[in-house]
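Everything numeric in this text was worked out from a predicted model, so none of it was measured. Below, read A as the first sequence line, B as the second, and so on, with proteins coming before strands; counting in each chain starts at 1.
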Amino acid sequence: MLRGSASKLEAEPLITLFGMSKLKRLPAKFYHQNTFKLAKSLLGKFIVRKIGSKILIGKIVETEAYYGSKDLASHASRGKTERTKIMFGPAGTAYIYLIYGMYYCFNIVTEAKEFPAAILIRAIQPISGFKQAALNYKIKTKFNNSEFRIQNSLTNGPGKLCRALKIDKKLNGENLINSKKLFLAENPLKTNSSQIKSAKRIGVDYAGKYKDKLWRYYLKNSEFISKK
DNA sequence: CCTGGGATTTTCT
DNA sequence: GAAAATCCCAGGA
């Protein structure tokens with residue numbers, strides 16, 4: 001199925017892909033769910049990124065919840081600062097920060113104002129518009145031109161998906177409920193809870209008892225997650 | 001298969 | 001000045 005021109009990264013008409021002619025943006029109400037429920041509800045939904053006349057669409061396959069100021073893994077555990085003030089803002093806002101000096105991470109703010117919480121998008125499945133991103137990636141790496149390896153390596157991590165979607169600090173604070181550049185959309189195919197697996201969050205070994213919380217969620221049959 | 005280190009810069013102490 | 005919600009690659013088993 002990966003042979004010939006039938007690349008997974010080829011844009012298919014949305015009509016044949018989803019059985020719908022228009023992407024249906026997720027409304028404000030969607031974001032007003034408990035953070036953990038929402039982190040699971042996000043699995044299967046689409047991220048839509050518009051850059052000029054180009055459009056990139058990815059399916060969310062892995063998320064991670066950061067909940068409250070007691071969560072030692074959360075940036076908000078040290079209070080409201082210039083960086084973290086977004087997390088204390090309204091649900092449905094993008095929280096984007098630079099990590100390790102080189103990568104951006106994309107989060108969705110949740111919960112009521114003044115309660116700091118967010119969901120990190122850890123991995124997506126490229127659906128449409130990623131051909132150029134794949135070409136860029138091919139140039140930058142030494143993968144012996146293995147299409148399969150590249151397709152599965154383009155967005156399987158929080159830093160990588162931001163690179164592929166061209167998400168950076170300029171989109172910090174973007175309102176996903178009305179933004180034209182970055183928003184989420186419904187997937188007519190419902191995700192069943194039996195497809196979801198919970199796991200420990202990644203890269204938070206410093207977080208005391210919070211390091212073992214099973215606040216990472218992923219679609220267990222997806223080839224596009226960052227880690228099993 | 002696994003482990004360890006380097007890249008690179010903002011943020012907070 | 002140290003650490004960081006990461007990624008990539010080299011080296012050893």
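- For the residue pair A/Y66 / A/E64, a side-chain donor-acceptor distance below 3.5 Å is found, with atom types taken as modelled.
- Separating the CG atom of A/L98 from the P atom of B/dC12 is a distance of 12 Å, rounded to the nearest angstrom.
- The residue A/G159 sits close only to the backbone: its heavy atoms come under 4.0 Å of sugar-phosphate atoms, none of a base.
- If you take CZ of A/R163 and C1' of B/dA7, they are 13 Å apart, rounded to a whole angstrom.
- A/F183 places none of its side-chain heavy atoms less than 4.5 Å from the side chain of A/I47.
- Computed from coordinates, the A/Y104 OH to B/dT8 C1' distance equals 11 Å when rounded to whole Å.
- Taking only side-chain atoms of A/M102, from C-beta outward, the nucleotide of B/dT8, B/dC12, C/dA5 with the closest atom is B/dT8.
- Between A/Y137 and C/dC8 there is a side-chain N or O to OP1 or OP2 distance below 4.0 Å.
- Here the side chain of A/R201 pairs no donor or acceptor atom with the backbone of A/A73 at under 3.5 angstrom.
- A salt bridge (charged side-chain N to carboxylate O under 4.0 Å, His left out) with A/E62 is found for exactly one of A/K220, A/K160, A/R122, A/K227, namely A/R122.
- Candidate nucleotides B/dC12, C/dA4, C/dT6 were compared by shortest atom distance to the side chain of A/P158, and C/dT6 ranks first.
- The aromatic rings of A/H75 and A/Y97 sit perpendicular, their planes meeting at an angle over 60°, well past the 30° parallel limit.
- For the pair A/K211 NZ and C/dA4 P, the interatomic distance rounds to 14 Å; values are reported in whole Å.
- Distance, A/L161 CG to C/dA5 P: 16 Å, rounded to whole Å.
- One finds a side-chain N or O of A/K160 lying less than 4.0 angstrom from the OP1 or OP2 phosphate oxygen of C/dC8.
- Within 4.0 Å of A/R78, counting heavy atoms only, lie sugar-phosphate atoms of the nucleic acid but no base atom.
- With its ring centre under 5.5 Å from that of the base six-membered ring and a plane angle below 30°, A/Y66 counts as stacked on C/dA5.
- Across all strands, A/T81 comes closer than 4.0 Å only to sugar-phosphate atoms, never to a base (heavy-atom distances).
- The backbone N or O of A/D71 sits nowhere less than 3.5 Å from a side-chain atom of A/S74 that would complete a donor-acceptor pair.
- Where A/Y103 and A/R83 each meet DNA chain B at their nearest nucleotide, the meeting point lying more 5' is that of A/Y103.
- Note: OH (A/Y218) to P (C/dA5) measures 22 Å, nearest angstrom.
- The interatomic distance linking A/I96 (CD1) with C/dT6 (C1') rounds to 16 Å, in whole Å.
- Across all strands shown, A/K169 has heavy atoms under 4.0 Å from sugar-phosphate atoms exclusively, and none from any base.
- The aromatic ring of A/Y100 stacks onto the base of C/dT6, its centre lying under 5.5 Å from the centre of the six-membered base ring with the two planes under 30° apart.
- The side chain of A/R122 places an N or O atom within less than 4.0 Å of a non-bridging phosphate oxygen (OP1 or OP2) of C/dT6.
- Within the shown strands, nothing qualifies as a pairing partner of B/dT8 under the Watson-Crick or G-U definition with both distances less than 3.5 Å.
- At whole-Å resolution of the value, CZ in A/R201 and P in C/dA4 are 14 Å apart.
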